[in-house]
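Have a look at the structure that comes next, please.
No experiment lies behind these values; they were computed from the predicted model shown.
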Amino acid sequence: DAVFTDGQWHHVGFVWDGTHRTLYLDEVPVAEDAVPKLVGGDGGLLLGCGANSAPETFWAGLIDDVRIYKRAVKP
C-alpha cells in the first residue's frame, strides 16, 4: 500500500519485465506481482477512473505528462 496525499507532484511508473509487474512511486517499488504473460485487451485505456466510470472511482487530482512506451526507458 502506498498513499500520497501531500499535495505534491509524484512520478508513477509501471514496468513489466517479462516475469513480474512492478509499480513505482517516485522511483521506489511499492507493489509487485508475478505475471508470466500479459493478456491483451480491447476495452480501452482508462486513466483517472475505474473500469465502470462510476463517480466514486474518479481520480481527485491532476494527471500530467502521460507516456506509454513499447520499449525500455531510463528515468
- Note on the structure: One should read off an interatomic distance between Trp59 CH2 and Leu46 CG, to the nearest 0.5 angstrom, of 15.0 Å
- Do Ile68 and Leu45 touch side chain to side chain, with heavy atoms closer than 4.5 Å? yes
- Sequence neighbours left out, what pairs pass side-chain hydrogen bond (donor to acceptor under 3.5 Å, both in side chains) with at least one residue falling in residues 31-41? Arg21-Asp33, Thr22-Glu32
- Closest non-hydrogen atom pair between Ile63 and Leu47, with its separation: CD1-C, 4.2 Å
- Where at least one partner belongs to residues 59-73, residue pairs that pass salt bridge (Lys or Arg N to Asp or Glu O under 4.0 Å), sequence neighbours excluded: Asp65-Arg67
- If you measure from NE2 on His11 to CG on Leu25, what distance do you get to the nearest 0.5 Å? 10.0 Å
- Item | Partner of Tyr24 by side-chain contact (heavy atoms from CB on, under 4.5 Å), out of Val15, Val30, Val12 | Val15
